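Remember, predicted model here, so these are calculated numbers, not experimental data. Quick note on labels: first sequence line is chain A, next is B, and so on, each numbered from 1.
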2 protein chains.
Amino acid sequence: MIKKEAQNFEIDNLDIDILKQLMVDGTKPYSEIAKDLIVSGGTIHVRMKKMQEMGIIEGTHLVIHPQKVGYDICAFLGIFLEKGIQYKDAVAQLSKIKEVVELHYTTGTYSMFAKIICRDTNHLRHVLNEEIQAVEGIQRTETLISLEESIKRQIELS
Amino acid sequence: MIKKEAQNFEIDNLDIDILKQLMVDGTKPYSEIAKDLIVSGGTIHVRMKKMQEMGIIEGTHLVIHPQKVGYDICAFLGIFLEKGIQYKDAVAQLSKIKEVVELHYTTGTYSMFAKIICRDTNHLRHVLNEEIQAVEGIQRTETLISLEESIKRQIELS
DNA sequence: GTTGAAAAGTGCTGCGA
DNA sequence: TCGCAGCACTTTTCAAC
């Protein structure tokens, strides 16, 4: 009998309520969260520790507006891989390109799909023509440039 | 004479070093950052306050692994809009769909590009067939399902 | 598992250089 | 503009429920 990895669901509504608050503002004091949810500060701490050990929490990150520090361009790249190319090898090479901030192995039109952040059009051209083209196994790519990021949020837990 | 909005670049290397550390771990104490960068804790505080006022900092967020809380599917959606449809109207409708976590107005193959997080295939089907199809102005969509998120990070400041 | 309070560490705010 | 020092607050821990 195969054991189901059910520990993923050993979180209750209190845990979810805590996560919801910290996902919006990671600096919110435990003491305030405790007041909101009518439990003690110690409980928040215990729950957070449990979820960290369970690996549910990836971390707390300061998020900046890339445009305000000179990164004006956000682009998506649909990547077609050559046949017989190991996906892992392409990932290893692409991960060395710092402008690639997200990479997915996908079904559908493309083999892989990447999100790229660049300073300006010159920078983007350099990344596409020099960096990406140098990756072995990439047959061709298709570029979508984001003119506006209209929505950006995390999933709403329930 | 048009005044150039040059205040975007009123940040120096110290500011960037602070951001770099907090982007990795938003809970890192100012006092430790100060030790690393060989300045006082007060300086870190002043710099952070300045950058918050400048609007460089979006916020601090707790980031979770969606899969560990039951959200197993990540998909991208290329959206074709009907001609004559106001982009803003489509955004307003799509923003009501909580599963849409990112939305871009793009050049290239698609009019818009969305990232969607769902619990399972049933949930995804519901979102695509019921929620997305109900949005006025969407002609058709193309779905890319992410089988693996190989890279996920923020831009590396320099 | 939760509580409440004590102990340790951090963030914030003046004043001085 | 930066650094130092004191105060207020938060996190963390732990015995008791």
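Distance CD (Q52(B)) to C1' (dC12(C)): 13 Å, rounded to an integer number of Å. The CD1 atom of I44(A) sits 12 Å away from the C1' atom of dT3(C) (whole-angstrom rounding). Regarding H45(B), its NE2 atom lies at a distance of 18 Å from the P atom of dC7(D), rounded to whole Å. Rounded to whole Å, atom C1' of dT11(D) lies 12 Å from atom CD1 of I33(A). In this structure, K35(A) places its NZ atom 15 Å from P of dT3(C), rounding to the nearest Å. Between the C1' atom of dT11(D) and the NZ atom of K49(A) lies a distance of 13 Å, rounded to the nearest Å. dG4(C) atom C1' lies 18 Å from atom OH of Y30(A), rounded to whole Å. R47(A) places its CZ atom 8 Å from the C1' atom of dG1(C), with the value rounded to the nearest Å.
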Check against side-chain contact (heavy atoms from CB on, under 4.5 Å), I138(A) and Q93(A): CA-CA 11 Å; I138(A) 291 185; Q93(A) 291 180 70; over 6 Å; no

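When each of dT3(C), dG3(D), dT2(C) is scored by its nearest atom to the side-chain atoms of L14(A), the top-ranked nucleotide is dT2(C). Set against dG3(D), dT3(C), dT10(C), the side chain of T43(A) has dT3(C) as its closest nucleotide.
Residue V46(B) is out of contact with every strand shown, counting any heavy-atom pair closer than 4.0 Å. Among the protein residues, S31(B) comes within range of the sugar-phosphate backbone only, with heavy atoms under 4.0 Å from sugar or phosphate atoms but none that close to a base.
A salt bridge does not link K20(A) with D36(A): every distance from a Lys NZ or Arg NE/NH1/NH2 to an Asp or Glu carboxylate oxygen is 4.0 Å or more.
With a 4.5 Å cut-off on side-chain heavy atoms, M48(B) and L22(B) count as touching.
A centroid separation of less than 6.0 Å is found between the aromatic rings of F113(B) and F113(A).
Position along DNA chain C of the nearest nucleotide to G41(A) versus K50(A) favours K50(A) as the more 5'-ward residue.
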